[in-house]
Number of protein chains: 2
Amino acid sequence: MNIYDVSKHAHVSIATVSRVINGNPNVSEKTRKRVLAVMEELGYTPNVFARSLGLNSMKTIGIMCADSSDPWLAEAIYYLEKELRGNGYDSILCCTGYLPETKKKYLELLRSKRVDAIILTGSHYIEAKPKDNAYLLEAAKDLPIMLVNGSLNGEQIYSTVCDDHAAVYDAALQLYRSGRTSVLYLYSGSSFSNLRKISGYRAAVKDAGYAIREELMVLCHKDLDAALERLDTLSRSGVHFDAVLASEDILAVAAVKYADKAGLKIPQDLSIIGYNNSILSRCTTPEITSVDNKVEALCTTTVNTLMKVLEMGNVPTKTTITPELMKRGTTDF
Amino acid sequence: MNIYDVSKHAHVSIATVSRVINGNPNVSEKTRKRVLAVMEELGYTPNVFARSLGLNSMKTIGIMCADSSDPWLAEAIYYLEKELRGNGYDSILCCTGYLPETKKKYLELLRSKRVDAIILTGSHYIEAKPKDNAYLLEAAKDLPIMLVNGSLNGEQIYSTVCDDHAAVYDAALQLYRSGRTSVLYLYSGSSFSNLRKISGYRAAVKDAGYAIREELMVLCHKDLDAALERLDTLSRSGVHFDAVLASEDILAVAAVKYADKAGLKIPQDLSIIGYNNSILSRCTTPEITSVDNKVEALCTTTVNTLMKVLEMGNVPTKTTITPELMKRGTTDF
DNA sequence: TTGTATGCGTTATCAG
DNA sequence: CTGATAACGCATACAA
């Protein structure tokens, strides 16, 4: 069942059938209808492979993410897929894990599949050392690279980021303003986004008139038990804190559990702020004040930008989106 | 940069190059090495479109799910993608939503993309009325259809399910055995899986020696606020219950919140069991006893079965996996 | 407005 | 073991 069969049955050439398929206006209404009728009758579907071969494009975008089961990334993927499909593009998904080598491997794989562009979802794709990002610049010579919540300068590289620095700065400052004196910053890695967050925290501490205390900046695994354990030992070792600002909601959940265990009242004895405004922030009692970093906006903006890029339009290289603090029961402001 | 370029540089025919690419044994070791060297040198990558055209296969599996941001589905997608890629297959993702029409539409779309098989993820794809599943039987004439946590009989349709009936039966019975007298069953829909769960609940009520009370089987939206509100009004309207068994963790979270609000002690005044053993079940205080329905096992089994199907092997039409009750703080057994 | 001929980069089928 | 050549199904430049 191919274009030839249709052309025979409709008594036209394959060129005409092709024109009909592609909406070329240079076809008389009569022939168009006849061809369409035949296509319907035969249940004809164009062969995407042959079409791709001619056009050298699949109308497919590669989506890379570290781990599609991470709630934030899962939500991002949802919006990206939806938005892309709305624009007539398919998405092929790659969960790359967090290792640089596998990230590179999957990027190569997607390139070999001749996707029309690649979207890197989440802040784990930009490394601190420029040479570790070189492979992205290299890939961007062939196709557009879109960063969702990451930023990198380069030809054909487009970034859409949430202003994490401002979000954390603002959150921390509000904690100090509400009377806290020792805000613990709990974070889980050193991705692009995490670095920006930490710098926001540092700036806030200074602007609140305090000295930076390294022991209040605590790195731990993105895991409930690990974080709880970390807070426990920290407290036992004599470090005092009356607020926890976390780089991830799950860490904030751990802080709530820690307060429960230690008999601390929330938010009086311990204020807590999470990050991402995920469903996790709503499962605890009290519910957690959390920074909404606007996944949906990040994703739709990314896809919109990409569509303009593919249409050869002129587009901004970097778009910044403003996060918002969702106030709930773990803070008293 | 194509197979002709390689053949020229290596002084062989394109047929030989093709053989090398495809690991055909009918090539002398010497030639193979030479060709591989040239390919490396020129940085040649086979054109997937042309290859697909010849093979009429993309080595790509379509994954359909209702909503990739649903935690359970997100996790499933993660395992499916990983497992498929390990077998050399790409996955193209489709979030179909919950409406029958869009489900059909996306299935057609994937078919037109000539994917090698389609995986339907989650229990939302099997409808109660046989005629609503007819389109799946129709599609299965062309390619294998794999169901993850759904079941349907038909040629080229393979199901991998978790025994939801047994899981809920067992959970409910344990609640009665631990002294509860009125177990409220809270559920969010009437998918295949939900129907099986309800039948498990009904069986348990009977086997525990109680009469079925319709007012104890409560349907509500899969949403924190909606569920909380539902429990509130239910209680105010005089319905008594001393345990909540939920078809989703999020509903169990709502039950915990309800107990907090109503001043009920968990598990003494109200025992709670959730379903899915998701991270949500670990965010509350106390943490929620939840049925682990083995996402990973479901997904790896599905992919393994699919691989056998694609290799024309003989495979079971239906595989059942046994769930497990993860006991935590919301129950006293 | 329509048809013809050719290219796209492979794989597969022969014949040697 | 190797090579020539015909599919594969479509898009498109060019001719009519």
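Chain letters run A, B, ... following the sequence lines, proteins first, then strands; residues in each count from 1. Source: prediction; values computed, not measured.
- Remark: P of C:dT10 and CG of A:N47 are 17 Å apart, rounded to the nearest angstrom.
- Geometrically, A:K103 engages A:Y125 in a cation-pi contact defined by less than 6.0 Å to the ring centre and at most 45° from the axis.
- For B:M58 and D:dG9, the CE to C1' distance is 15 Å, given to the nearest whole Å.
- At distances below 3.5 Å, at least one donor-acceptor pair connects side-chain atoms of B:R34 with backbone N or O atoms of B:A10.
- The A:V12 side chain lies nearest to C:dG3 when the options are D:dG9, C:dG3, D:dT2.
- Nucleic acid contact for B:N22: sugar-phosphate only, since backbone atoms but no base atoms lie under 4.0 Å from a heavy atom of the residue.
- When heavy atoms are screened at a 4.0 angstrom cut-off, A:T31 is found touching the sugar-phosphate backbone but no base atom.
- Between the A:S193 side chain and the A:S191 main chain, no donor and acceptor come within less than 3.5 Å of each other.
- For B:N153, the CG atom sits in a loose shell: 12 or fewer heavy atoms of surrounding residues, nucleotides or ligands are nearer than 6.0 Å.
- Between B:S18 and C:dT11, a side-chain N or O to OP1/OP2 separation shorter than 4.0 Å is present.
- At a threshold of 4.0 Å, the pair A:K104-A:E101 does not count as salt-bridged, since none of the basic side-chain nitrogens sits closer than that to a carboxylate oxygen.
- A donor-acceptor contact under 3.5 angstrom links the side chains of B:R51 and B:N22, judged on distance only.
- In this entry the distance linking CZ of A:R34 with P of C:dT1 reads 14 Å, nearest Å.
- Among the atoms of the strands shown, only primed sugar atoms or phosphate atoms (P, OP1, OP2) are found under 4.0 Å from some heavy atom of B:S28.
- Among the nucleotides C:dT11, D:dT2, C:dC8, the one closest to the side chain of A:L53 is C:dC8.
- A:M1 places its CE atom 15 Å from the C1' atom of D:dC10, with the value rounded to the nearest Å.
- With hydrogens and angles left out, the side chain of A:Y4 and the base of D:dC10 share a donor-acceptor pair within 3.5 Å.
- Residue-level contact check: A:I14 touches the bases, meaning some heavy atom is under 4.0 Å from a base atom.
- Closest contact between the side chain of B:T16 and the listed nucleotides D:dC10, D:dC1, D:dG3 involves D:dG3.
- At whole-Å resolution of the value, CZ in A:F49 and C1' in D:dA11 are 17 Å apart.
- Atoms NZ (A:K33) and P (C:dT2) sit 14 Å apart, rounded to a whole Å.
- In this structure, the CG atom of A:D5 is 11 Å from the P atom of D:dC8, given to the nearest Å.
- When the nearest nucleotides of DNA chain D are assigned to B:A15 and B:R114 by heavy-atom distance, the more 5′-ward of the two goes with B:A15.
- Distance from the side chain of B:R19 is smallest to D:dG3 among D:dG3, D:dC10, D:dC14.
- B:N24 places its CG atom 11 Å from the P atom of C:dT13, with the value rounded to the nearest Å.
- Residue contacts for A:N26: at a heavy-atom cut-off of 4.0 Å it reaches a base atom on one of the strands shown.
- When distances are taken from the side chain of A:Y44 to each of D:dC8, C:dT2, D:dC10, the shortest belongs to D:dC10.
- Heavy atoms of B:N2 sit under 4.0 angstrom from primed sugar atoms or phosphate atoms, though from no base atom.
- A close approach under 4.0 Å does occur between a side-chain nitrogen or oxygen of A:R51 and OP1 or OP2 of D:dA11.
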